[in-house]
Amino acid sequence: MTAGRFYTRQIAVLASLGLALLFAFPQHATSAESQWQGVERIVAVGDVHGDFDNFVATLRAADLINRRRNWTGGATHLVQVGDLPDRGPDTDKVIELLKKLERQAEEDGGKVHALIGNHEAMNMLGDLRYVHPDEYDAFRDRNSRELRNRFYANHIQQRQAADPEFIADSDYRKTFDAQFPLGYVEHRFAWAPEGEIGSWVLEHNAVVKINRSLFLHGGISPQILGMSLDQINGQIRAELAGGLGEEPGLSEADHGPLWYRGLAQGSAAEELAHVEAVLAFYEVDRIIIGHTPGLGTIVPRFGGKVLIIDSGMSDYYGGYAASLEILQTEDGSEINTLQAGERTAIPPGEEAVLDYFEHMATLLPDAPAALQQHINQLRQPDLAVEPPQQVPD
């Protein structure tokens with residue numbers, strides 16, 4: 001059973017208990033603008049994975065919020081490329097902050113783009129492998145035990161209908177409670193399409209174009225090249241709202257924009273022609289993605305035509321907080337990594353990329369070993385440089 005099918009069954013079970021009556025479900029938006037031009041400053045942030053403190057530190061270092069966590073970015077556009085939940089404990093706090101900043105930035109002439117990543121999709125589709133226990137705990141209240149008891153009673157009823165001889169003993173209940181902790185029921189409703197979090201996710205895009213830059217979580221694969229931004233975004237939202245078919249959709253497939261890793265892990269020989277085709281089709285100069293951490297900093301590939309901004313912000317990945325800054329100038333774009341209290345220019349082309357990584361290594365004394373390994377490869381120009389050895393998300 002796929003995640004989407006499991007999710008549908010899960011919500012049907014909860015709904016059969018009448019639990020939906022306990023929740024006020026807002027209506028979600030069905031579309032969102034996907035292109036902007038004339039933006040003077042863009043700050044892009046990679047995967048957060050429930051790490052509120054490092055997310056706040058990253059935004060403050062980019063001069064986007066103050067000590068009170070209020071928007072100070074003016075007309076800046078902040079792009080967060082998805083994967084707010086899982087791995088860490090504070091997804092609810094991260095989302096509440098982004099909701100507030102969305103309102104404040106709009107009032108100040110700026111914009112916050114919270115893109116849909118594969119972990120947003122996983123939570124909405126019921127794939128909960130990476131949910132941190134504290135994420136359930138955040139939803140606990142005085143009704144949680146009763147909600148779980150009703151969920152358990154319905155579960156036992158279903159088991160006995162399938163097997164009249166089934167008897168649940170105390171050990172079975174202990175196993176059930178461990179699998180479905182207090183707060184689980186509320187978590188599932190919050191991430192439902194009409195729930196507090198799920199409806200908010202469905203107000204957003206999976207991919208946006210700002211000036212001459214394309215932003216998304218995983219990447220554009222050859223299989224979806226040719227789809228417009230609106231087509232991609234519309235299909236992702238429709239699937240997460242309950243419109244999955246029998247086959248895996250864009251929100252689930254390895255070649256979908258939330259999961260594709262070719263731009264991050266494919267060799268230059270295999271991917272360069274495809275990268276050029278993506279740039280030409282969407283009329284952009286660069287593609288900014290998250291999804292694949294490992295080097296502890298922002299990683300330019302293909303002469304800066306692809307920028308991987310999942311630096312591993314979450315403590316789960318080492319806590320390497322960084323953001324990407326794109327400034328519009330008379331001569332084009334100035335592109336910087338904001339990390340360790342410094343603004344470091346990302347070089348265009350391949351000539352100075354070794355200098356860039358060597359400098360970032362000096363800023364990160366606890367950098368992952370993969371960064372030095374990549375530097376060593378770049379120092380041997382006669383050898384084919386392998387893609388950055390990054391860990392799966």
Side-chain angles (χ1 to χ4, degrees), residues 28-47 76-84 98 102 105-106 110-121 124 193 200-241 243-244 248-264 271 273-291 302 305-310 324 326 328 333 335:
H28 59 74
T30 57
S31 63
E33 190 175 357
S34 58
Q35 298 189 52
W36 289 262
Q37 296 295 327
V39 178
E40 294 185 359
R41 184 179 188 242
I42 306 166
V43 173
V45 176
D47 307 30
T76 299
H77 279 223
L78 166 64
V79 185
Q80 198 287 317
V81 296
D83 278 13
L84 299 176
L98 275 174
E102 283 179 324
E106 202 80 41
K111 188 77 176 177
V112 173
H113 309 267
L115 302 187
I116 301 170
N118 64 307
H119 280 260
E120 280 81 9
M124 292 194 69
W200 178 76
V201 170
L202 291 177
E203 295 173 359
H204 297 86
N205 290 306
V207 53
V208 296
K209 175 182 174 180
I210 306 176
N211 298 343
R212 297 279 300 180
S213 298
L214 193 69
F215 299 85
L216 71 163
H217 184 67
I220 300 292
S221 69
Q223 291 93 325
I224 68 171
L225 179 60
M227 294 182 69
S228 71
L229 302 185
D230 288 341
Q231 286 174 329
I232 294 171
N233 289 324
Q235 184 168 336
I236 294 290
R237 281 193 293 267
E239 290 176 3
L240 298 186
L244 281 168
L250 285 186
S251 57
E252 301 175 295
D254 288 343
H255 67 264
L258 311 185
W259 288 93
Y260 182 64
R261 293 190 191 274
L263 302 183
E271 292 288 333
H274 172 60
V275 169
E276 296 288 1
V278 173
L279 298 178
F281 182 80
Y282 294 105
E283 298 181 330
V284 294
D285 297 326
R286 64 196 65 85
I287 309 160
I288 293 95
I289 58 175
H291 189 45
F302 307 101
K305 295 172 182 176
V306 172
L307 298 167
I308 307 167
I309 66 169
D310 185 0
L324 177 77
I326 304 176
Q328 199 73 4
S333 298
I335 305 176

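The basis for the numbers below is simple: all heavy atoms, side chains too, and nothing from hydrogens, waters or symmetry mates. All residue numbers in this chain count up from 1 along the given sequence.
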Colleague: Could you go through the side chain to side chain contact (heavy atoms under 4.5 Å, CB included) check for L214 and L229 one step at a time?
Modeller: CA-CA 10 Å; L214 193 69; L229 302 185; 3.8 Å; yes
Colleague: Is there side-chain contact between L279 and D285, with at least one heavy-atom pair below 4.5 Å?
Modeller: no
Colleague: Could you check if a side-chain atom of W200 sits within less than 4.5 angstrom of a side-chain atom of L98, using non-hydrogen atoms only?
Modeller: yes
Colleague: Would you check if the distance from the ring center of H113 to the ring center of H77 is below 6.0 Å?
Modeller: yes
Colleague: How close do Y260 and P222 get, counting heavy atoms only, and between which atoms?
Modeller: OH-CD, 3.7 Å
Colleague: Between N233 and A206 (side chain of the first, backbone of the second, donor and acceptor by atom type, cut-off under 3.5 Å), is there such a pair?
Modeller: yes
Colleague: I need the M124 CE to L202 CG distance, nearest 0.5 Å.
Modeller: 4.0 Å
Colleague: Please round to the nearest 0.5 Å and tell me the distance separating atom CD1 of I236 and atom CG of L258.
Modeller: 4.5 Å
Colleague: Would you say that more than 12 heavy atoms from the other residues, nucleotides or ligands in this model lie under 6.0 Å from the CD of E40, or not?
Modeller: no
Colleague: Within the side chain of D47, is there an N or O that forms a donor-acceptor pair under 3.5 Å with the backbone of V81?
Modeller: no
Colleague: Report yes if the side chains of V207 and P257 come closer than 4.5 Å at any heavy-atom pair, otherwise no.
Modeller: no
Colleague: When you check the side-chain N and O atoms of H204 and Q80, is any donor under 3.5 Å from an acceptor?
Modeller: no
Colleague: Return yes if some donor-acceptor pair links the side-chain N/O of E120 with the main-chain N/O of D83 below 3.5 Å, else return no.
Modeller: yes
Colleague: Under a 3.5 Å distance rule, please check whether H217 uses its side chain to pair with a backbone N or O of G290 as donor and acceptor.
Modeller: no
Colleague: Applying side chain to side chain contact (heavy atoms under 4.5 Å, CB included), run through R286 and V306 and close with a yes or a no.
Modeller: CA-CA 6 Å; R286 64 196 65 85; V306 172; over 6 Å; no
Colleague: For the CG atom of L244 and the OG atom of S251, what is their distance to the nearest 0.5 Å?
Modeller: 5.0 Å
Colleague: Less than 4.5 Å apart, any side-chain heavy atom of N118 and any of E252?
Modeller: no
Colleague: If a pair satisfies side chain to side chain donor-acceptor pair (under 3.5 Å) and one of its residues is in residues 273-284, list it, with sequence neighbours excluded.
Modeller: E276-K305
Colleague: Using a 4.5 Å cut-off on heavy atoms from C-beta on, say whether the side chain of I232 contacts that of I220.
Modeller: yes
Colleague: As an exercise, state the distance from CH2 of W36 to NZ of K111, rounded to the nearest 0.5 Å.
Modeller: 5.5 Å
Colleague: Check whether any side-chain N or O of Q328 sits under 3.5 Å from a backbone N or O of S333 as a donor-acceptor pair, and report yes or no.
Modeller: no
Colleague: Run the side chain to side chain contact (heavy atoms under 4.5 Å, CB included) check on I287 and L307 step by step: do they pass?
Modeller: CA-CA 6 Å; I287 309 160; L307 298 167; over 6 Å; no
Colleague: Indicate whether the side chain of E239 and that of Q235 have a donor and an acceptor atom separated by less than 3.5 Å.
Modeller: yes
Colleague: At what distance, to the nearest 0.5 angstrom, does CD1 of I288 lie from CD1 of I308?
Modeller: 11.5 Å
Colleague: Would you check if there is a donor-acceptor pair between the side chains of D230 and S34 at a distance under 3.5 Å?
Modeller: yes
Colleague: Using modelled atom types and a 3.5 Å cut-off, is there a donor and acceptor pairing between side-chain atoms of H291 and backbone atoms of W259?
Modeller: yes
Colleague: Measuring from atom CZ of R261 to atom OG of S221, what distance do you get when rounded to the nearest 0.5 angstrom?
Modeller: 13.5 Å
Colleague: Go through it in stages, so that I can follow the logic: the residues are I309 and I289, the test is side chain to side chain contact (heavy atoms under 4.5 Å, CB included), and I'd like the CA-CA distance, side-chain angles, deciding distance and then a yes or no.
Modeller: CA-CA 6 Å; I309 66 169; I289 58 175; over 6 Å; no
